[in-house]
Amino acid sequence: MGELLADHTTLRLGGPADRFLTHRDPATWSDLTRDIHRSPAPLYVLGGGSNTIAADTPFRGTVLRIATHGIRTRILDSELVELTVHAGHPLCDLVAYTVAEGLSGIEYLGSIPGTAGAAPVQNTGAYGQQISDVLTRLTAYDWHLGHLVELLPVDCGFGYRTSIFKDRPGRWTILTITVVLARSTSAAPVSYPHLAGILGVPLGAQPPLTEAAHGVLADRSNRGLSLPASGPDARQVGSVFLNPTITGHQARAVRAAGGPVNRSQGSGLRASAGWLLESAGYRPGAQVAPGVYCSSRRTLTLTARRGATSASFDAALRTLAASVFSATTIQLTPEPRRPSSDSTPPSARTGRANFPVQQRTSRSDGYVESL
């Protein structure tokens, strides 16, 4: 029996993988990709396992866990600092580091589970900040082309909790991200009404950086948004549904019922998925499927407990989405990813076993530099 995916996901669910590899040393990447390309088996790349629902059945392929760590700092000028971060570095550790160093730009992303490399995939965001606000470039391996590429934000198709990496899973594996942050003792302007209330400041205010970061951590913990180390809510993937885009008619109905409606930049009106679930009758702690419950603190997070399986977790997601659609005609979209043995193996994508000299390509200007 292969390595259990249940041992590498925060839900602690998932069957064995035929082959399980861990990438820790950046210097070994070329050898690792060459080995993976030789295999006809499907490939699934895993980060921290916090946004993954792995099937109960075996994964017939290779699972590659990205576990590289490290932050490289470069001072740009008296106001700006550039950080290049390895993809396996925990995002929460990166945020804590920036706050401790007096760098503003991602302080509202504290305690979000997952890795730095996964952040661009989801365009991770919270309290009005998102990773695309500060990202300047990233390095990824293109499994179709068989070499490294450097992508700029304009190449990444960023939107609300999405990117080209999410839309085209399996095409790229992110290896490093580079962000530029501002030296500051103050946090970024508060643009999220809930956060303003928590911090006791008006919208647009810039509270002290450390105070704002600690406020975010406390609020996420109080609202059940953090991933606890133990207890009934420990086995989870965080929020299980995106806040859905809604029509003007639906927005008026939600507002009339007392629900929040927000306007996301570039993506129109959005309702709160958590509020929609509560309006459909679900409450914290409610059982939705065998072994699957709403979090003891919030309905938008599902937890796996004794007797849960990946199949019952999927059934719970379908049940919740169907209930909301029946009550409101609003369709919820699940956030977590699912490893699939049906994906095309890397060797078939490239169509060759021998690879060119690795290159770095910037699609925005066509410039290619040999490494």
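This is a predicted model, so every value here is computed, not measured.
With S310 as reference, D56 is the one residue of T57, T9, D56 to meet the side chain to side chain donor-acceptor pair (under 3.5 Å) rule. Between P244 and the choices T328, L276, L269, V324, the side chain to side chain contact (heavy atoms under 4.5 Å, CB included) rule is met once, by L276.
Side-chain contact check for L151 versus F165: some heavy-atom pair is nearer than 4.5 Å. Residues I53 and L13 are not in side-chain contact: their nearest non-hydrogen atoms beyond the backbone lie 4.5 Å or more apart.
With E107 contributing its side chain and G105 its backbone, the two residues share a donor-acceptor pair below 3.5 Å. With hydrogens and angles disregarded, no donor-acceptor distance shorter than 3.5 Å links the side chain of S323 to the backbone of A280. Looking only at distances, a side-chain donor or acceptor of R270 sits under 3.5 Å from a matching main-chain atom of N243. Remark: side-chain polar atoms of T28 are paired, donor with acceptor, to backbone N or O of D25 under 3.5 angstrom. Panel note: side chain D142, backbone V149; no donor-acceptor pair is recorded below 3.5 Å. Although no hydrogens or angles enter the test, the distance criterion places a donor-acceptor pair under 3.5 Å between the side chain of T10 and the main chain of Q236. The backbone N or O of T84 sits nowhere less than 3.5 Å from a side-chain atom of R74 that would complete a donor-acceptor pair. When atom types are taken as modelled, the side chain of T319 and the backbone of A315 share a donor-acceptor pair closer than 3.5 angstrom.
Rounded to the nearest 0.5 angstrom, F59 CZ and L46 CG are separated by 10.0 Å.
Applying the ring-ring contact (aromatic ring centres under 6.0 Å, His included) rule to H69 yields the partners H89; only residues at least two apart in sequence or on another chain are considered.
Between Y141 and W29, the angle of the ring planes goes over 60°, which puts this pair in the perpendicular group of the 30/60° scheme.
Annotation: cation-pi pair R65/F20 absent, no NZ/CZ under 6.0 Å from the ring centroid and within 45° of its normal.
Hydrophobic clustering (ILVMFWY, side-chain heavy atoms < 4.5 Å, transitive): I177 and Y97 are in one cluster.
In the hydrophobic clustering (ILVMFWY side chains linked at under 4.5 Å, chained through shared members), L76 is joined by L80, V180.
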